[in-house]
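Here the structure comes first, spelled out in structure tokens, and everything after it is commentary.
Values reported hereafter were calculated over all heavy atoms of this structure, with side chains retained and with hydrogens, waters and symmetry mates removed. If you read the sequence from its start, that first residue is 1, and numbering goes on from there. None of these values were measured; they are calculated from a predicted model. When a ligand or atom number is given, it counts from 1 through the structure's own listing order.
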Amino acid sequence: MRVLVIGGGGREHALVHKLSESSQVDDIWCFPGNAGTGQIAKIPNLVSAKCDVLADFALAEDIDLTIVGPENYLAAGIVDLFHSHGLTIFGPTQKAAQIESSKVFAKELMKTHNIPTAAYGVFSDYDSAKAYIEAMGVPIVIKADGLAAGKGVIVAEDTETALAAAQATLSGKQVGEAGRQIVIEEFLSGQEVSILALCDGTTCIPLVPSQDHKTIGEGDQGPNTGGMGAYSPVPVVDKALEKTVYDTILIPTLAALRQEGIEYTGVLYAGLMLTESGPKVIEFNCRFGDPETQVILPRLKTDLVDLLLAASQGRLADCQPLDWDPRACVCVIAASEGYPGAYTSGFTIKGLEAVAGLSDVYTYHAGTAWRDGKMVTAGGRVLGVSALGDDIRQARERAYEALGKLDFDGMYYRSDIGWRALE
Ligand code: AMP
Ligand code: GLY
């Protein structure tokens, strides 16, 4: 079988690695990929990264299954395009991807169908936004409607910050067109957890829970990043809570989408706040999480190809229950100094061979490249080390031990990944 993975981050390296372990897979391509995916997958030489160029490639190479990592391709309708060519692709259609690409769409769906989420209002002019903020009080959360690469959400502790956020977002200064409409939302407190589920339109199979660490600083301080680490399982999520999420969020969301005429296929990623009155949706994503995927896939023992094909072909109900490694997994991301602000790239990455020899440790590349025969840094988040262990504490120790063998100029990582689980 011939498989194409679209994307070039740690998530895609983890996907490519897992797919390469399947006896069904003969050839894998990954575009645009990175130096890590390049060691196991071929990198297509394409004239551009556009959807139609990728579809032409998939047709020419007889690709049997395409898996899409990043949301922007899904929001652009790559799944619809591949379907129109009769190609099998794992991911939601453009309409279905609105669950991530439009926060207004997601909130209205949840409100109409009684799916637990924060109270909110939708605004496109500043005066009504201001009146709502003043009536609701602080803390309050301001969100751009559209995709904003993680920069669209501002949690405001005081009214001045909230008003400034609404103004900057609506005016287009904050995130451009994505902010022409905003959602202003009740602040929810509690622990955050990610529940990702494979969906085929009707059936949904949740994956093991995970928690990521979004901020750059220790103790979850400082600006948000693409994710500085993750762990799975999450001790606060027990079987009963998993069932509540399935019964009150995942299944109702798929049913709600079907009522709106949308068959949701792909990963439905529920970003949840575990509040005192139960789990509530903070956001939906229409794809695998990064770095959640880097702690979920090392634990998956079922053949990923079977699952993704079954989801793409509406056959998830026929799948056996998933087989999971009971051990814990912790992933720590190493970033370039300065990230998420400005940073310098091109530094040699040392120690990869030493880590490659460790069992149950996976180095997933993100911003890496080959230059003059050397592996160098080529992005903000450079790589992540995922390690399995008997429990979170041991997995974390093993991840940090492995990370200690790696080095590049300006290497930065948080030393507290998993702290909530260990408290
Ligand atoms: P998002 O980009 O939607 O994941 O939001 C980024 C982060 O903002 C989330 O991970 C939360 O930490 C925080 N956040 C978003 N919505 C809320 C909310 N209603 N209450 C509290 N925190 C929130
Ligand atoms: N880990 C957050 C995300 O994938 O959006």
Side-chain angles (χ1 to χ4, degrees), residues 7 9-12 14-15 68-72 74-75 97 99-107 110 116-121 133 136-157 161-162 165 169 174-175 178-179 182-196 207 209-217 220-232 234 267-277 279-297 331 333 340 364 366 381 384 417 420:
R11 163 183 59 198
E12 287 76 16
L15 283 163
V68 188
E71 62 277 11
N72 52 353
L74 297 164
I99 202 141
E100 175 169 2
S101 67
S102 168
K103 292 206 191 283
V104 173
F105 173 88
K107 293 297 287 191
M110 287 187 270
T117 189
Y120 73 103
I133 290 167
M136 292 282 286
V138 287
I140 198 160
V141 187
I142 319 292
K143 302 186 169 185
D145 172 48
L147 293 181
K151 297 187 179 71
V153 175
I154 294 158
V155 179
E157 304 287 343
T161 308
T169 309
Q174 178 80 11
V175 291
I182 59 174
V183 168
I184 303 183
E185 195 173 273
E186 167 200 7
F187 175 84
L188 300 175
S189 55
Q191 266 204 58
E192 284 184 61
V193 56
S194 306
I195 306 275
L196 283 63
L207 305 177
S210 55
Q211 188 173 72
D212 75 350
H213 298 60
K214 289 196 166 114
T215 66
I216 190 75
D220 296 325
Q221 302 297 312
N224 270 343
T225 69
M228 294 304 293
Y231 64 91
S232 171
V234 185
V267 172
L268 180 63
Y269 164 146
L272 304 173
M273 189 72 86
L274 305 180
T275 73
E276 277 177 1
S277 51
K280 293 188 178 174
V281 177
I282 294 187
E283 61 163 351
F284 280 121
N285 292 321
C286 65
R287 51 171 173 80
F288 282 104
D290 189 335
E292 287 94 332
T293 305
Q294 293 94 303
V295 293
I296 294 172
L297 292 186
C331 175
I333 304 286
Y364 296 127
R381 288 188 301 165
I417 299 304
R420 278 202 175 82

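Ranking the protein heavy atoms by distance from atom 15 (C) of ligand 1 puts I282 CG2, 3.3 Å first. Atom 8 (O) of ligand 1 has its closest protein heavy atom at V153 CG1, 3.6 Å. Shortest contact from atom 20 (N) of ligand 1 to any protein heavy atom: L188 N, 2.8 Å. Of all protein heavy atoms, the one lying nearest to atom 5 (O) of ligand 2 is R287 NH2, 2.8 Å. Ranking the protein heavy atoms by distance from atom 11 (C) of ligand 1 puts E192 OE2, 3.2 Å first.
Residues K103 and Y120 have side chains not in contact (no heavy-atom distance under 4.5 Å, counting atoms from C-beta outward). Looking only at side-chain heavy atoms (C-beta outward), Q174 and I142 stay at 4.5 Å or farther from each other. Taking 4.5 Å as the limit, some side-chain heavy atom of V281 sits within range of a side-chain heavy atom of L272. Using a 4.5 Å cut-off on side-chain heavy atoms (C-beta onward), V193 and R420 make no contact. The side-chain heavy atoms of Y231 and H213, taken from C-beta on, include a pair separated by under 4.5 Å.
In the vicinity of N285, heavy-atom distances shorter than 4.0 Å reach the ligand 2 atoms 5 (O). Counting atoms of ligand 2 from 1 in the listed order, those under 4.0 Å from a heavy atom of G289 are 4 (O). Atoms of ligand 1 found under 4.0 Å from any heavy atom of F187 (numbered from 1 in listed order, with element): 20 (N), 21 (C). Listed by number with element, the atoms of ligand 2 under 4.0 angstrom from any heavy atom of D212 are 1 (N), 2 (C). The K103 neighbourhood of ligand 1 comprises atoms 3 (O), with distances under 4.0 Å to a heavy atom of that residue.
Between the T275 side chain and the S189 main chain, no donor and acceptor come within less than 3.5 Å of each other. Proximity of a side-chain donor or acceptor of E12 to a complementary backbone N or O of G9 within less than 3.5 Å is detected. Between the side chain of S102 and the backbone N or O of G146 there is no donor-acceptor pair closer than 3.5 Å. A donor-acceptor contact shorter than 3.5 Å is absent between the side chain of D212 and the backbone of G229.
Of the candidates E283, E186, K143, the one placing a heavy atom closest to atom 16 (N) of ligand 1 is K143. Compare V155, V281, I142, N224 by their heavy atoms: the one nearest to atom 23 (C) of ligand 1 is in V155. Of all the listed residues (K214, E185, M273), E185 holds the heavy atom that lies closest to atom 19 (N) of ligand 1.
Between K107 and E185 there is a salt bridge, with a side-chain nitrogen of the basic residue lying less than 4.0 Å from a carboxylate oxygen of the acidic one.
Ligand 2 has no nitrogen or oxygen under 3.5 angstrom from a nitrogen or oxygen of E283. When only interatomic distances are considered, the shortest N/O to N/O separation between E292 and ligand 2 falls below 3.5 Å.
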Kindly determine whether M228 and T215 satisfy side chain to side chain contact (heavy atoms under 4.5 Å, CB included), including the steps that lead there. CA-CA 7 Å; M228 294 304 293; T215 66; over 6 Å; no

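Of the heavy atoms in F288, none comes closer than 4.0 Å to ligand 2. If you look at K151 next to ligand 1, there are no close heavy atoms at all, none under 4.0 Å.
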